[in-house]
Visitor: 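Before I ask anything, here is the structure I am working with.
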Amino acid sequence: MAPPQESLQLPDLQHTEDTRGVAIERVGVCDLRYPITVLDRANQQQQVAAILSLSVDLPHHFKGTHMSRFLEVLENHRGEVTMRTVPAMLDELQERLDAERAHVEVRFPYFIEKAAPVSGKKSFMDYDCGFIAEVNGDGHDFIINVCVPVKSLCPCSKAISDYGAHNQRGIVDIQLRCAPDANGQPHLVWIEELVEVAESSASAPVYALLKREDERHVTMQAFDNPAFVDDIARNVAVRLREEPRVTWFKVRVTNFESIHNHSAFAVVSSESAVR
């Protein structure tokens with residue numbers, strides 16, 4: 001007769017000694033799909049389906065980490081997953097897994113209802129968003145990431161053409177750190193604010209739903225606001241450089257060229273965005 005399950009003494013192989021002398025920089029779980037709640041400027045909260053990565057460092061003398069504990073910690077913090085709640089999750093990962101560093105990455109689609117510029121027809125636009133958070137010997141770190149599709153029209157093409165100019169869709173990828181508030185928590189910068197910064201820095205915004213009168217408006221708006229990929233990156237950098245809530249940023253703009261079989265890109269960070 002088999003002994004009852006609760007009386008079994010199961011070996012803990014992960015916590016046994018490893019003699020190879022190789023520390024692991026990061027070990028954990030990735031590609032984990034999980035429902036979370038994020039902050040929404042218009043509706044307070046938004047439910048999203050996120051993809052998460054949870055990891056810790058592993059000292060050289062431990063054979064492995066306890067993968068189930070990552071899921072246990074996530075379940076303990078079920079619900080809102082934002083800059084307000086992630087530090088507590090990181091602290092628990094660090095404690096439960098006996099680690100010096102704990103790391104969380106989250107990606108999710110964020111939806112904003114937008115009205116077309118002329119007809120006013122409303123539709124949802126999705127934005128690829130996320131954050132990277134870590135706790136280590138220096139404290140907590142939190143980086144917000146928002147990717148915004150935009151429209152750009154080439155100034156050179158406009159200048160040399162008898163009529164028209166080539167234009168294309170691009171992506172403005174913004175990463176930033178926020179300054180702490182009076183309570184030591186990072187200042188809140190809304191995803192919607194970063195979308196507005198990116199769209200106003202390009203030739204024109206991108207919409208999901210456009211009627212003919214809207215398409216005419218967007219086409220002419222882009223023609224009136226030509227911008228190289230370099231221009232868009234600099235425009236975003238100027239806006240973020242002047243924002244007191246932001247302590248660090250990195251911007252990458254990619255244009256999916258319409259007359260070339262390659263893309264163009266430009267990168268600027270707070271370190272290079274000198275006055």
Visitor: Does the side chain of H166 pick up a donor-acceptor pair with the side chain of Q168 at under 3.5 Å?
Guide: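 Yes.
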Visitor: Which heavy atom of A99 sits nearest a heavy atom of V56, and at what distance?
Guide: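 Taking A99 first and V56 second, the nearest heavy atoms are CB-CB, 3.6 Å.
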Visitor: Quick one: does any side-chain atom of N167 pair with a main-chain N or O of L153 as donor and acceptor, under 3.5 Å?
Guide: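 Such a contact is absent between N167 side chain and L153 backbone.
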Visitor: Would you indicate whether R234, at its atom CZ, is surrounded by more than 12 heavy atoms from other residues, nucleotides or ligands within a distance under 6.0 Å?
Guide: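 No, the 6.0 Å shell around CZ holds no more than 12 heavy atoms from other groups.
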Visitor: For R177, is there an ion pair with D141 - N to carboxylate O distance below 4.0 angstrom?
Guide: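 The answer is yes: the pair qualifies as a salt bridge.
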Visitor: Between L209 and K122, does the side chain to side chain contact (heavy atoms under 4.5 Å, CB included) criterion hold? Intermediate values first, please.
Guide: CA-CA 7 Å; L209 172 61; K122 293 182 179 180; over 6 Å; no
Visitor: If hydrophobic clusters are built by linking Ile, Leu, Val, Met, Phe, Trp and Tyr wherever their side-chain heavy atoms come under 4.5 Å apart, do I112 and I144 end up in the same one?
Guide: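 Both belong to a single hydrophobic cluster.
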Visitor: Side chains of R26 and D57: closer than 4.5 Å at any heavy-atom pair?
Guide: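 Of all side-chain heavy-atom pairs linking D57 with R26, none is under 4.5 Å.
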Visitor: Is there a donor-acceptor pair under 3.5 Å between the side chain of S263 and the backbone N or O of T254?
Guide: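 Checking the backbone N and O of T254 against the side chain of S263, no donor-acceptor pair under 3.5 Å is found.
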Visitor: If only atom types and distance count, is the side chain of Q94 paired as donor or acceptor with the main-chain N or O of A102 below 3.5 Å?
Guide: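 Absent.
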Visitor: Counting only heavy atoms not in F265 (residues, nucleotides, ligands), do more than 12 fall under 6.0 Å from its CZ?
Guide: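 Count not over threshold, so no.
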Visitor: Just so I know, are the side chains of S200 and R239 near enough to count as touching, which here means a heavy-atom distance under 4.5 Å?
Guide: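 When only atoms from C-beta onward are counted, R239 and S200 do touch, with a gap below 4.5 Å.
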Visitor: Look at the side chain of D40 and the backbone N and O of Q46, then say whether any donor-acceptor pair between them is shorter than 3.5 Å.
Guide: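 Checking the backbone N and O of Q46 against the side chain of D40, no donor-acceptor pair under 3.5 Å is found.
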Visitor: Could you state the interatomic distance from CG (L194) to OH (Y127), rounded to the nearest 0.5 Å?
Guide: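 Separation between the atoms: 11.5 Å.
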Visitor: Work out which heavy atom in P109 is nearest to a heavy atom in A49; give both atom names and the distance.
Guide: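 Here P109 and A49 meet closest at CD-O, 3.5 Å.
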Visitor: Evaluate the criterion side chain to side chain contact (heavy atoms under 4.5 Å, CB included) for residue pair V81 and T37; output intermediate values, then yes/no.
Guide: CA-CA 6 Å; V81 178; T37 301; over 6 Å; no
Visitor: With rounding to the nearest 0.5 angstrom, report the OG1 to NE2 distance, T247 to H187.
Guide: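 It is 10.5 Å, given to the nearest 0.5 Å.
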Visitor: Could you tell me whether the side chain of V148 reaches within less than 4.5 Å of the side chain of E199, counting heavy atoms only?
Guide: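 With C-beta onward as the side chain, the pair touches.
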Visitor: In the single-linkage hydrophobic clustering (I, L, V, M, F, W, Y; side-chain heavy atoms under 4.5 Å), do L74 and V27 co-cluster?
Guide: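 Yes, L74 connects to V27 through the hydrophobic network.
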Visitor: Do P87 and F142 have side chains that approach each other closer than 4.5 Å (heavy atoms only, starting at C-beta)?
Guide: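 They are not in contact (no side-chain heavy atoms under 4.5 Å apart), so the answer is no.
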Visitor: So that I can tick it off, tell me whether K114 and E192 are bridged by a salt bridge, with the cut-off set at under 4.0 angstrom between side-chain N and carboxylate O.
Guide: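 Looking at K114 together with E192, the answer is no, because their closest N to O distance does not fall below 4.0 Å.
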Visitor: For H140 and D91, does a side-chain donor sit closer than 3.5 Å to a side-chain acceptor?
Guide: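 Looking only at side-chain atoms, D91 and H140 do form a donor-acceptor pair, the distance falling under 3.5 Å.
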Visitor: Evaluate side chain to side chain contact (heavy atoms under 4.5 Å, CB included) for Y34 paired with E75, printing each intermediate quantity in order.
Guide: CA-CA 10 Å; Y34 198 84; E75 286 294 330; 3.0 Å; yes
Visitor: Once rounded to the nearest 0.5 Å, what's the spacing between atom CD of E25 and atom OG of S55?
Guide: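 Rounded to the nearest 0.5 Å, the CD-OG separation comes to 11.0 Å.
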Visitor: Sub-3.5 Å donor-acceptor pair from the side chain of K158 to the main-chain atoms of F223, do we have one?
Guide: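 It does hold such a pair.
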Visitor: With hydrophobic residues grouped by side-chain heavy-atom distances under 4.5 Å, do I132 and L93 end up in a single group?
Guide: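 In one cluster: no.
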Visitor: Charged N to carboxylate O under 4.0 angstrom, K121 versus D214?
Guide: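 D214 and K121: not salt-bridged.
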Visitor: When you check the gap from the basic side-chain N to the acidic O, do K211 and E213 get nearer than 4.0 Å?
Guide: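 Looking at K211 and E213, the cut-off is not met.
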Visitor: Will you find, in the side chains of N76 and E92, an N or O donor that is under 3.5 Å from an N or O acceptor?
Guide: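 Short answer, yes.
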Visitor: Going by atom types only, do W248 and E271 share a side-chain donor-acceptor pair under 3.5 Å?
Guide: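 W248 vs E271: donor-acceptor pair found between side chains.
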Visitor: Please work out whether the ring planes of Y110 and F108 are parallel, tilted or perpendicular, with thresholds of 30° and 60°.
Guide: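 Y110 vs F108 ring planes: perpendicular.
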Visitor: Between CZ of F111 and OG of S123, what distance do you get to the nearest 0.5 Å?
Guide: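 Between atom CZ of F111 and atom OG of S123 there are 11.5 Å.
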Visitor: Under 3.5 Å, is there a donor-acceptor pair between the N145 and R107 side chains?
Guide: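 Looking only at side-chain atoms, R107 and N145 do form a donor-acceptor pair, the distance falling under 3.5 Å.
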Visitor: Please tell me whether M67 and L54 are part of a single hydrophobic cluster in this structure, the criterion being side-chain heavy atoms less than 4.5 Å apart.
Guide: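 Hydrophobic grouping puts M67 with L54.
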Visitor: Measure the spacing between CG of L210 and OG of S119 and express it to the nearest 0.5 Å.
Guide: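 The CG atom of L210 sits 7.5 Å away from the OG atom of S119.
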Visitor: Is the shortest heavy-atom distance from the side chain of F228 to the side chain of C154 under 4.5 Å?
Guide: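 Heavy-atom side-chain distance check passes, below 4.5 Å.
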Visitor: Quick one, V172 and I232 - any side-chain contact, counting heavy atoms below 4.5 Å?
Guide: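 Yes, side chains in contact.
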Visitor: Between R33 and L52, is any pair of side-chain heavy atoms under 4.5 Å apart?
Guide: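 They are not in side-chain contact.
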Visitor: Do I36 and V106 make a side-chain contact, defined as non-hydrogen atoms from C-beta onward lying under 4.5 Å apart?
Guide: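 Yes, side chains in contact.
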Visitor: How about R216: does its CZ atom have over 12 heavy atoms from other parts shown lying under 6.0 Å from it?
Guide: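 No, because the 6.0 Å sphere around CZ of R216 holds 12 heavy atoms or fewer from other groups.
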Visitor: Tell me if a side-chain donor or acceptor on R245 pairs with a main-chain N or O of L188 at a distance below 3.5 Å.
Guide: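 Side chain of R245 to backbone of L188, a donor-acceptor pair under 3.5 Å: yes, one is there.
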Visitor: How close do A266 and A233 get, counting heavy atoms only, and between which atoms?
Guide: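 Scanning both residues, the minimum pair turns out to be CB-CB, 4.0 Å.
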Visitor: On a heavy-atom basis, which atom in P149 and which in M125 lie closest, and how many Å separate them?
Guide: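 Here P149 and M125 meet closest at CG-CE, 3.8 Å.
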Visitor: Does K151, at its NZ atom, have more than 12 non-hydrogen atoms belonging to other residues, nucleotides or ligands within less than 6.0 Å?
Guide: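 Correct, the count exceeds 12.
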Visitor: Set out, in order, the CA-CA distance, both residues' side-chain angles and the distance that settles side chain to side chain contact (heavy atoms under 4.5 Å, CB included) for F256 and I171, then state yes or no.
Guide: CA-CA 8 Å; F256 309 123; I171 293 289; 3.7 Å; yes
Visitor: Ignoring hydrogens and angles, tell me if any N or O in the side chain of E193 forms a donor-acceptor pair with the backbone of W190 under 3.5 Å.
Guide: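 Flag set: sc E193 to bb W190 pair under 3.5 Å.
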Visitor: Calculate, to the nearest 0.5 Å, the distance between atoms CG and CG belonging to L176 and L240 respectively.
Guide: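 Spacing of CG (L176) from CG (L240) equals 6.5 Å.
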Visitor: Is there a continuous path of hydrophobic side-chain contacts, each under 4.5 Å between heavy atoms, that joins I51 to L32?
Guide: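 Per the 4.5 Å side-chain linkage, I51 and L32 are not co-clustered.
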Visitor: Keeping T85 on the side-chain end and T82 on the backbone end, is there a donor-acceptor pair under 3.5 Å?
Guide: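 The answer is yes, because a donor-acceptor pair under 3.5 Å joins these two groups.
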Visitor: Could you check whether R69 pairs with E95 (Lys NZ or Arg NE/NH1/NH2 to Asp/Glu carboxylate O, under 4.0 Å)?
Guide: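 No, R69 and E95 are not salt-bridged.
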Visitor: Minimum heavy-atom separation for V236 and A198, please, with both atom names.
Guide: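 So the two residues come closest at CG2-CA, 4.3 Å.
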Visitor: Looking only at heavy atoms, what is the nearest atom pair of V218 and P205, with distance?
Guide: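 Of all heavy-atom pairs spanning V218 and P205, the closest is CG1-O, 4.0 Å.
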Visitor: Scan side-chain atoms only and decide if N183 and Q185 contain a donor-acceptor pair under the 3.5 Å cut-off.
Guide: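 No - no donor-acceptor pair under 3.5 Å links their side chains.
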